[in-house]
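Just so we're on the same page: letters track the sequence lines, and every chain starts at 1. Below, each value reflects all heavy atoms present in this structure, side chains not excepted, and no hydrogens, waters or symmetry copies.
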Amino acid sequence: MHDLKWIRENPADFDAALARRGLPAQGQAILQLDARRRAAQTASQDLLARRNDASKQIGILKKEGKDTEALMAEVAAFKDQIPAAEEEEKRLGAEIDAVLGIIPNLPAADVPQGADENDNVELKRWGSIPKFDFTPLSHDQLGANLGLMDFEAAAKLSGARFVVLKGALARLERALAQFMLDFHTQENGYTEMATPVLVKEEALYGTGQLPKFAEDLFRTTGSHWLIPTAEVTLTNLVADSILDEGALPIRMTAQTACFRSEAGSAGRDTTGMIRQHQFQKVEMVSIAHPDQSAEEHERMTSGAETLLERLGLPYRRILLCTGDMGFSSNKTFDLEVWLPAQDRYREISSCSNCGEFQARRMKARFKGVGDKNTRFVHTLNGSGLAVGRTLIAVLENYQQIDGSIAIPVALHSYMGGITVIRP
RNA sequence: GGAGAGGUGGCAGAGUGGUCGAAUGUACCUGACUCGAAAUCAGGCGUGGGGGUAACUCCACCGUGGGUUCGAAUCCCACCCUCUCCGCCA
C-alpha cells in the first residue's frame with residue numbers, strides 16, 4: 001500500500017517508479033479520486049459537526065428545563081443528508097483502496113531495470129560445481145531408485161504435484177529443517193515460532209497476496225486460506241501494533257508447510273519435487289527499523305547463504321530486476337542452488353525487503369521514546385531455506401555412481417547415524 | 001455442540017442515554033526539590049484522518065458490523081473473540 005500523501009506530493013516520482021515496473025502512470029487518476037474523496041469527507045464531517053453541536057445544545061437546554069422543539073426541528077432538517085454524505089465518502093474511499101491495493105511496491109533505486117529474469121544481475125557465486133565421471137541423475141530418478149520417493153503414491157492420495165517420502169528421505173527432510181532452525185535460533189538471532197497454516201483473508205491482504213493473487217492460493221470452503229509461505233503468519237504477527245523502537249529488529253523463524261495452487265505453472269517443472277502444491281519451508285522474517293532495513297536485508301541473505309555453504313551446495317546470489325520482483329518487495333535477492341541434473345542454478349531462497357509497503361497494509365508501526373508520531377516498520381522476509389528444494393539439491397549434488405547419496409557432514413548429527421543413503 | 005460470564009486507553013479499573021475521548025490508580029515523559037537517586041509535588045501522556053503557513057480546529061474510534069435516537073461506551077440486533085462449567089475429541 002502506498003502513502004497517499006507521498007503520491008500527492010510526488011506524483012511524477014510515483015509514476016516514474018511504476019514505469020520501472022512496466023506499469024502505466026496512475027498518479028493523476030489516483031489524485032483526482034483522492035481529491036473527490038477528501039471533498040466528500042469534508043462535506044460529511046461538516047454535517048456531523050453541525051449535528052453534534054445542535055445535540056450538545058439540546059442536552060444543555062434540556063438540563064435547564066427549556067424547550068428544545070425548535071432546535072430538534074432544525075437538526076431534523078439536515079439530518080437526513082448525513083447517510084448519503086457518509087455513503088459517498090465511504091464509496092470513494094473503497095474505490096481508492098481498490099486501486100491502491102493492487103499496485104505493487106516501488107522498486108528501490110539500486111534495483112536494476114529489466115523486463116524479466118533475463119535481466120537479473122548475478123552478484124556472486126560460491127562453491128565449485130561438482131564434476132561427475134558418470135551422468136548425474138535427477139533427484140526424482142535417484143529417489144525412485146532408492147525406493148524412498150513415491151510420486152504415484154502421492155498421486156493416489158492427492159493428485160499431481162505431491163510427493164510421498166519414505167525412510168531415510170523422510171528423515172532427511174526433517175533433518176534439513178531442523179538443521180536450518182537450529183542455525184537461525186542458535187547462531188542467527190531468530191526466535192523460533194510455530195504458527196497456523198490456515199489464515200484469514202486480512203492476513204493475506206497484509207502481506208500482499210490478496211486481493212490480486214487469489215488464484216495462486218488454496219482456500220477452504222469456510223473462510224480460511226492456506227498460507228503459501230510463513231511470511232504471511234510471521235509478518236502479520238505485528239499487524240495492528242505500535243512497537244517500541246527498542247524492540248526492533250524482531251527476528252522470527254518458522255518451519256511450516258506451504259501451499260500453492262501453481263495456477264499458471266501448467267507444464268512447468270511437471271516432474272519431480274521442484275514445484276509442488278505442498279512443501280516444507282523454513283522462513284525468516286525481520287521487522288526492522290527503516291534506517292536499518294538495508295543492513296538487515298543483507299544480514300538475512302547472508303544467513304541463508306551460510307546454510308548453503310555449510311551444506312556444501314554451490315550457489316549464486318542474484319539481484320532481481322524490476323520486472324522479476326514480487327508484488328510486495330522493493331528489493332529482492334534470490335539464492336539459486338546448483339542442480340547437476342538440470343545443469344543449471346535453481347531458486348532455493350528469496351530474500352526481500354518490503355520496506356513499509358506491507359507495514360502500511362497491516363498497520364505495523366513503531367514509536368521511539370518521546371516521539372510524537374508513529375512510523376511504519378520495515379518488513380523483510382526470506383527463505384532459509386526451501387526445505388524440499390534443499391533436499392533435491394543434496395540428492396543431486398551428493399549422488400554417487402552406485403546411486404547412493406552421501407549425507408553432508410553438517411547433517412550427520414541430525415540423521416541418527418546415517419551417513420550414506422543406499423539403494 | 002450445550003449453559004453461563006465478559007470484551008473500555010500500555011496495564012488495572014470506573015462509567016447504563018447528554019458538555020465522555022472517556023474518572024481514578026499505575027506505568028511512562030517533562031519540570032521542581034536533591035550532590036545524585038528514592039519519596040514528594042506540578043504538568044503532560046491514545047490512534048487515524050480532514051482543514052490551516054501557524055496558533056489551532058474539525059471528524060472518527062470504548063471487540064466488529066448494523067439499528068434506534070436530536071444525541072450511544074451506555075439501548076436493540078447479528079457476528080467475532082476470551083474465560084468458566086458440561087459434552088465430544090487429536
Subject >> Presence of Lys90(A) side-chain N/O under 4.0 Å of G66(B) phosphate oxygens OP1/OP2 >> reply: yes
Original post:
Checking all strands, does Ile242(A) fall into the base, sugar-phosphate, or nothing category for heavy-atom contacts under 4.0 angstrom?
Top reply: sugar-phosphate
Original post:
Tell me: CG of Asp46(A) to P of U57(B), nearest whole Å?
Top reply: 17 Å
**OP:** Describe the nucleic acid contact of Arg8(A) in one word from base, sugar-phosphate, nothing, applying a heavy-atom distance below 4.0 Å.
**Re:** sugar-phosphate
Subject >> A72(B) versus C61(B) - spacing of their C1' atoms, nearest Å >> reply: 13 Å
Subject >> Rounded interatomic separation in angstrom, taking CG from Leu47(A) and C1' from G71(B) >> reply: 16 Å
Original post:
Which part of the nucleic acid does Ser44(A) contact within heavy-atom distance under 4.0 Å: base, sugar-phosphate only, or nothing?
Top reply: nothing
Subject >> Length of the CG-P vector between Asp244(A) and C28(B), whole Å >> reply: 12 Å
Subject >> Whole-Å C1' distance, U57(B) and C62(B) >> reply: 24 Å
Original post:
What integer number of Å spans the C1' atoms of U64(B) and C81(B)?
Top reply: 10 Å
Subject >> Atom pair SG (Cys321(A)) and CZ (Arg20(A)), whose distance is rounded to the nearest 0.5 Å >> reply: 9.5 Å
Original post:
CD1 of Ile60(A) versus P of C70(B): gap in Å, rounded?
Top reply: 18 Å
Original post:
To the nearest angstrom, how far is Glu89(A) atom CD from G48(B) atom P?
Top reply: 18 Å
Subject >> Pairing partner of U69(B) (Watson-Crick or G-U wobble, both distances under 3.5 Å) >> reply: none
Original post:
Does any nucleotide pair with C35(B) by Watson-Crick or G-U wobble geometry, both distances under 3.5 Å, and what is it?
Top reply: none
Subject >> Side chain of Thr374(A) (C-beta onward), nearest among C70(B), G48(B), G50(B) >> reply: G48(B)
Subject >> A27(B) to U40(B) separation - P atoms, rounded to the nearest Å >> reply: 9 Å
**OP:** Tell me what Asn52(A) touches on the nucleic acid: a base, only sugar-phosphate, or nothing, going by heavy atoms under 4.0 Å.
**Re:** sugar-phosphate
**OP:** With heavy atoms under 4.0 Å as the rule, sort Lys5(A) into base, sugar-phosphate or nothing.
**Re:** sugar-phosphate
Original post:
Reckon Ala49(A) touches a base, only the sugar-phosphate, or nothing at all at heavy-atom distances under 4.0 Å?
Top reply: sugar-phosphate
Original post:
Just checking, is any N or O donor in the side chain of Thr207(A) or Glu231(A) under 3.5 Å from an acceptor N or O on the other one?
Top reply: no
Original post:
Say you pick atom P in C89(B) and the same atom in C76(B); how far apart are they, in whole Å?
Top reply: 38 Å
Subject >> Between Thr253(A) and His184(A): side-chain donor-acceptor atoms closer than 3.5 Å >> reply: no
**OP:** Mind checking Ile58(A) for me? I need base, sugar-phosphate or nothing, with any heavy atom below 4.0 Å counting as a touch.
**Re:** base
Subject >> A5(B) - base-pair partner by Watson-Crick or wobble geometry, distances under 3.5 Å >> reply: U82(B)
**OP:** Check the distance between C70(B)'s C1' and Glu74(A)'s CD and give it to me in whole angstrom.
**Re:** 11 Å
Subject >> Assigned partner base of A42(B), Watson-Crick or wobble definition, under 3.5 Å >> reply: U30(B)
Original post:
What do you reckon, is CD of Glu187(A) surrounded by more than 12 foreign heavy atoms closer than 6.0 Å?
Top reply: yes
**OP:** Using the salt bridge (Lys or Arg N to Asp or Glu O under 4.0 Å) rule, pick out the option among Glu89(A), Glu87(A), Glu95(A) that qualifies with Arg91(A).
**Re:** Glu95(A)
**OP:** Nearest whole angstrom, please: distance from the C1' of C29(B) to the CG of Asn373(A).
**Re:** 16 Å
Original post:
Using a cut-off of 4.0 Å on non-hydrogen atoms, how would the nucleic acid contact of Lys363(A) be classed: base, sugar-phosphate, or nothing?
Top reply: nothing
**OP:** State whether the number of non-hydrogen atoms from other residues, nucleotides or ligands found under 6.0 Å of Glu117(A) atom CD is greater than 12.
**Re:** yes
**OP:** Please give the nucleotide sitting opposite A60(B) as a Watson-Crick or G-U wobble pair, both distances under 3.5 Å, or none.
**Re:** U47(B)
**OP:** Could you work out the separation of A5(B) and G43(B) based on their P atoms and round it to a whole Å?
**Re:** 43 Å
Original post:
Atom CD of Glu86(A) to atom P of G49(B): distance rounded to whole Å?
Top reply: 19 Å
Original post:
Which base, if any, makes a Watson-Crick or G-U wobble pair with U74(B), both distances under 3.5 Å?
Top reply: none
**OP:** With C1' as the reference atom in both, quote the distance from G13(B) to G25(B) in angstrom, rounded to an integer.
**Re:** 8 Å
Original post:
Among side-chain atoms of Asn105(A) and Ser329(A), is any donor-acceptor pair under 3.5 angstrom?
Top reply: no
Original post:
With rounding to whole Å, what would you report as the distance between G9(B) and G46(B) at their P atoms?
Top reply: 14 Å
Original post:
Partner of U19(B) by Watson-Crick or G-U wobble geometry, both contacts under 3.5 Å, or none?
Top reply: none
Subject >> Arg365(A) side-chain N/O to G48(B) phosphate OP1/OP2 under 4.0 Å >> reply: yes
Subject >> Which nucleotide in U47(B), G50(B), A60(B) has an atom nearest any side-chain atom of Lys367(A) >> reply: U47(B)
